[in-house]
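First the structure, in the form of structure tokens, and then the observations on it.
Convention: sequence-line order gives letters A, B, ...; per-chain numbering from 1.
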Number of protein chains: 4
Amino acid sequence: MPIVSEEHKRKKKRQILIGALTCFAKKGYEVATIDDIVRYSGVSKGAIYNYFKKKEDIYVELFNLITKESFDQIIEQLKRLNSSFDKIHSLFDFYLEENPSSLNLNESTIVQLEFQLSSSRNADLMKILDGMYKKANLEIVIQVLVEGIQAGEIKKEINTEIYAEIFLSFIDGLYLQKLLFPDIPFKDVINEQKLSFIHSIKK
Amino acid sequence: MPIVSEEHKRKKKRQILIGALTCFAKKGYEVATIDDIVRYSGVSKGAIYNYFKKKEDIYVELFNLITKESFDQIIEQLKRLNSSFDKIHSLFDFYLEENPSSLNLNESTIVQLEFQLSSSRNADLMKILDGMYKKANLEIVIQVLVEGIQAGEIKKEINTEIYAEIFLSFIDGLYLQKLLFPDIPFKDVINEQKLSFIHSIKK
Amino acid sequence: MPIVSEEHKRKKKRQILIGALTCFAKKGYEVATIDDIVRYSGVSKGAIYNYFKKKEDIYVELFNLITKESFDQIIEQLKRLNSSFDKIHSLFDFYLEENPSSLNLNESTIVQLEFQLSSSRNADLMKILDGMYKKANLEIVIQVLVEGIQAGEIKKEINTEIYAEIFLSFIDGLYLQKLLFPDIPFKDVINEQKLSFIHSIKK
Amino acid sequence: MPIVSEEHKRKKKRQILIGALTCFAKKGYEVATIDDIVRYSGVSKGAIYNYFKKKEDIYVELFNLITKESFDQIIEQLKRLNSSFDKIHSLFDFYLEENPSSLNLNESTIVQLEFQLSSSRNADLMKILDGMYKKANLEIVIQVLVEGIQAGEIKKEINTEIYAEIFLSFIDGLYLQKLLFPDIPFKDVINEQKLSFIHSIKK
DNA sequence: CATGAATGAGACTTCATTCAT
DNA sequence: CATGAATGAAGTCTCATTCAT
């Protein structure tokens, strides 16, 4: 099989990462074993170590993948909208609806949450998260708010960073709540907060 | 008749739990070892196993302890206040300020977050969390809102559960954000969201 | 069993080292496994790691032990002799006769040879060997020669370091030859070289 | 008829062996990996396994190669000399000077030493070494001594085998010492031993 | 023949738990 | 009850060897 295309390599890596996603989501990074990933990805142990030098690297690359894919999707989604408020609606909705990514949203979410926790204890992970996350999340929201101000739709007095933080805190927290209490009517919770949020920033 | 007093036992258990709190906060439940707890608590390994049957039991009891102490404190704090809005202010502030508990707040917070994540993967933990957490958090907020409605300070149309969820999601998320970006002006973020929140429910 | 005497600990360590000696001698450091050492020492895997942080540490401590024991024995043996030539005879004989140490001489020899080879490839090992070996071997021989000069038995023109090197090279090489060709009459080889050596340095 | 010429095969094999020589010298047989050999030889892993059935075979053939080349060189060198003492001088000098072989002497030396150690633990290797080494080394020295006796230059009472052993022990040991203490003035050590040796056998 | 991706046995090491003292 | 040495299952990772292309 050797002398294999770059394409093949990328596919194999993705196959491993998707297997790892399920494992890490189900059991958590520490508890999930390489053998679990072997089982879920269908890739042999040796092959996994051809693509990743150590378990942690799988974790990091998986986080990058998840973040990048959701980032791309948000960007795509926002491009199609004009009004800032539509965009804000869209942001609120984004994180909580199934989307067409090949990555399972629930799995991605829990892995992302755990990665964030891990990062708070590990300087190396933190650096990665800092680079990825800030761009991928904080900046997007700030950008939407800034555009809204420029378009005269949003009050210019508001501190965009603070409102972006409010938004992200709410979303992150909602993820957690959803994990814990799957039965709560999250749609309604989102809608109420959405209104509240928009009301606070609307001109 | 026990050979050592119940009092002594309780003290020893607490000593272990406080050591464990630091360990779990610093490294996470899976990575922290019993030997770490030995080091941090000053209690020998054998003794630890006299008080707890397994590592997980330490985790569960620690979570109970943290939850109970913060619960007691909140209740205490709320009792001293009359207006519903004062209580809501107080709730917002509670989680983010140092408080007089013997338990370190930052440590408690990260352990609680991790426990919640663990719960979402482990039915046994989930049952414990379900019992504790709902009471200790959701119900408190709902209770404050209900009292506010009865006192005529808060709109009676609002769905108290939804607003309690909004509150908790925001707080949980803020915890995470704080772990990740310790430099952000959280006081301001809280104040803005506080205003937003109160505005939405005020009569 | 805990709260155990230092004596007990030293014994256990020695038990492990003696097991390791056999394993390393039989298979070589790289090929011998921790499980081999478990089998030969009768000490469980976990216990071994209570006494040694890693496999290499066993190797190093074993080398130290072998070196120290043979050093002590040589010193003891030399102390009982007066004439320099008796001492030189004794040195030649020392390495090739069974001695009363609890350590098997053949095993010790091959482990020492391998350790020397390893050292030439590993700076850390080299440092250890440099400290131990030089003192333990080169210095002893030089000392005997210097005393012989002072006593007027040995020519004062000779370079003691060079003759010590000749002696050690011969002995080291003889070890190797003995491993390879156990049937050769080593006693005779030693005797001839002994005469030759003494002749060269005798006043 | 073979698809590639025997000549090509021999060249490729030699290329692999020379790469392996560097690897085994640098890291030792056990620690050096096939991938190391791939890197150093520039021959792909699959190709290596076309020419050698297993790693050990590379080791054995490498040892054969080294031994044969040095054997040929010594023979060549000795042929040009007449006096037995010149030959003995030449033998002493041979092992410690750079020579025109394509094989690096230092690398060859350490690989040879390690191979000898390995042999003492492995009957298969021992058989190979027994065949090669005895011819290549012991016999050469004996032959020179015998010729010296016949030529009336060397005492006829000496046991040639014993003196050959003395010579080889000294050389082997000197190799080891050189690895361990590269700074020692080996030229002087050799010269002294040379004189000693010749003095003992001279008529 | 050449290539290098794939395989999995097996190495080292850690750590929750037990138990002799 | 307290202690910490002992245990061994189980995890991560390496690497000789195979084999599809």
| request: Using whole Å, report how far OH of C/Tyr49 lies from C1' of F/dA10. | output: 14 Å
| SB check C/Asp130 C/Lys127 (cutoff 4.0 Å) | no
| Within 45° of the six-membered ring axis of C/Tyr51 and under 6.0 Å from that ring's centre, is NZ or CZ of C/Lys9 located there? | no
| Salt bridge present between C/Arg14 and C/Glu69 (N-O < 4.0 angstrom) | yes
| said: Nearest to the side chain of B/His8, heavy atoms from C-beta on, is which of F/dA2, F/dA16, E/dC12? | reply: F/dA2
| request: Test C/Glu61 against every option in C/Lys13, C/Lys55, C/Arg10 by the salt bridge (charged side-chain N to carboxylate O under 4.0 Å, His left out) rule and name the one that passes. | output: C/Lys13
| remark: Pairs under 3.5 Å (Watson-Crick or G-U), crossing ones as [ ], inter-strand ones as |: DNA chain E comes out as .||||||||||||||||||||
| task | Using whole Å, report how far NZ of A/Lys53 lies from C1' of F/dT14. | result | 14 Å
| message | Any base atoms under 4.0 Å from C/Lys45, or only sugar-phosphate, or nothing? Heavy atoms, all strands. | response | base
| query | Can you tell me how far P of E/dA6 sits from CZ of A/Phe52, to the nearest Å? | reply | 12 Å
| Ignoring hydrogens and angles, are the base of E/dA5 and the side chain of A/Asn50 linked by a donor-acceptor pair under 3.5 Å? | no
| Between E/dA2, F/dA2, F/dT12, which one does the side chain of B/Ala47 approach most closely? | F/dA2
| Heavy atoms of other groups near B/Tyr40 OH, more than 12 under 6.0 Å | no
